[in-house]
Amino acid sequence: MPTAQRVKDFIAMVVEENHIEAIVEFYHDDASMQENLTSPRRGKTHLIAHEKESHKKIQSMETFSPLKVYIDEDNVAIHWVFEIIDSLGQRRRLEEVALQSWKGDKIIKEQFFYDSATAWHPVD
């Protein structure tokens, strides 16, 4: 079970735009990530590679402090907001809820939920 401070440290690293470092520091070697109901990606090495590829496809991303964070023993829910400038220079906003299962002080499973129809709408 993670401490509240451990979850705060994870959030701080993500907000500081250290997404890859957060995977290295806070995920189990056999962790999984899943977007909505797609097949999960498995293994820290695969998660890091996917994150690196995702960042190559955009110009920049700003991660805001979460709107809400809930901690219930090994389960954590985080309401994230991201603003992304895509490869074409369009600013887009993504709101998602990440549901995490922790094993000890590391994330073993994470699933992201967002409305894919509106998630990537350009922001004026």
Side-chain angles (χ1 to χ4, degrees):
M1 176 168 56
T3 63
Q5 186 59 52
R6 181 74 172 160
V7 174
K8 286 180 186 178
D9 292 345
F10 167 75
I11 289 168
M13 189 172 278
V14 175
V15 170
E16 291 168 2
E17 308 301 336
N18 297 318
H19 300 129
I20 294 165
E21 294 85 351
I23 296 170
V24 170
E25 172 68 24
F26 289 94
Y27 288 73
H28 276 276
D29 289 340
D30 56 347
S32 69
M33 278 186 190
Q34 183 176 0
E35 308 284 333
N36 286 328
L37 299 176
T38 63
S39 297
R41 298 181 295 280
R42 297 187 189 284
K44 188 190 293 191
T45 303
H46 186 204
L47 302 181
I48 292 167
H50 183 271
E51 193 71 17
K52 286 179 180 178
E53 282 302 310
S54 295
H55 282 264
K56 287 180 184 177
K57 296 176 183 175
I58 62 172
Q59 290 183 26
S60 66
M61 177 166 41
E62 182 176 2
T63 306
F64 295 93
S65 292
L67 299 175
K68 298 282 184 190
V69 178
Y70 296 99
I71 304 171
D72 181 22
E73 296 184 6
D74 288 332
N75 301 301
V76 175
I78 304 172
H79 182 178
W80 292 107
V81 176
F82 304 94
E83 278 200 12
I84 298 156
I85 299 179
D86 67 17
S87 61
L88 301 175
Q90 289 189 317
R91 182 177 303 275
R92 299 180 183 275
R93 182 180 211 73
L94 172 65
E95 272 194 57
E96 73 178 18
V97 174
L99 297 182
Q100 302 171 334
S101 296
W102 289 64
K103 184 176 177 184
D105 68 347
K106 295 197 177 204
I107 299 163
I108 190 71
K109 180 180 178 185
E110 184 169 43
Q111 187 170 4
F112 305 108
F113 294 93
Y114 50 87
D115 180 356
S116 58
T118 60
W120 300 107
H121 251 25
V123 176
D124 295 330

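Values reported hereafter were calculated over all heavy atoms of this structure, with side chains retained and with hydrogens, waters and symmetry mates removed. This structure is a prediction, so every number in the text was calculated from the model and none was measured.
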- Message: Would Q111 and L37 count as a side chain to side chain contact (heavy atoms under 4.5 Å, CB included) here? Give the steps.
- Response: CA-CA 8 Å; Q111 187 170 4; L37 299 176; 3.9 Å; yes
Search all heavy atoms of [X] against all heavy atoms of [Y] and return the closest pair with its distance.
| X | Y | value |
| --- | --- | --- |
| V81 | E95 | CG2-CG, 3.6 Å |
| W102 | P2 | CE3-CB, 3.4 Å |
| I20 | E51 | CG1-CG, 3.8 Å |
| I71 | A4 | CD1-CA, 4.0 Å |
| I85 | I58 | O-CB, 3.6 Å |
| Y27 | K44 | O-CE, 2.8 Å |

Quick one, [X] and [Y] - any side-chain contact, counting heavy atoms below 4.5 Å?
| X | Y | value |
| --- | --- | --- |
| F10 | E25 | no |
| T63 | E17 | yes |
| S101 | N75 | yes |
| N36 | F113 | yes |
| W80 | V15 | yes |

Linking I/L/V/M/F/W/Y whenever any side-chain heavy atoms sit under 4.5 Å apart, do [X] and [Y] land together?
| X | Y | value |
| --- | --- | --- |
| V69 | I107 | yes |
| L47 | M61 | yes |
| Y114 | F82 | yes |
| F112 | F26 | yes |

About how many Å separate [atom2] of [Y] and [atom1] of [X], when rounded to the nearest 0.5 Å?
| X | Y | atom1 | atom2 | value |
| --- | --- | --- | --- | --- |
| M1 | D105 | CE | CG | 12.0 Å |
| R6 | I11 | CZ | CD1 | 12.0 Å |
| L67 | I78 | CG | CD1 | 11.5 Å |
| D30 | T45 | CG | OG1 | 11.0 Å |
| H79 | E96 | NE2 | CD | 9.0 Å |
| Q100 | K106 | CD | NZ | 14.0 Å |

- Give the ring-plane orientation class for H55 versus H19, where under 30° counts as parallel, over 60° as perpendicular and anything between as tilted.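 H55 vs H19 ring planes: tilted.
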- Message: With a 6.0 Å cut-off (strictly less than), is the heavy-atom count around OH of Y70, excluding the residue itself, greater than 12?
- Response: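 Result for OH/Y70: open.
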- Indicate yes or no: does R41 engage E110 in a salt bridge with an N to O separation below 4.0 Å.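 So R41 does not pair with E110 through a salt bridge.
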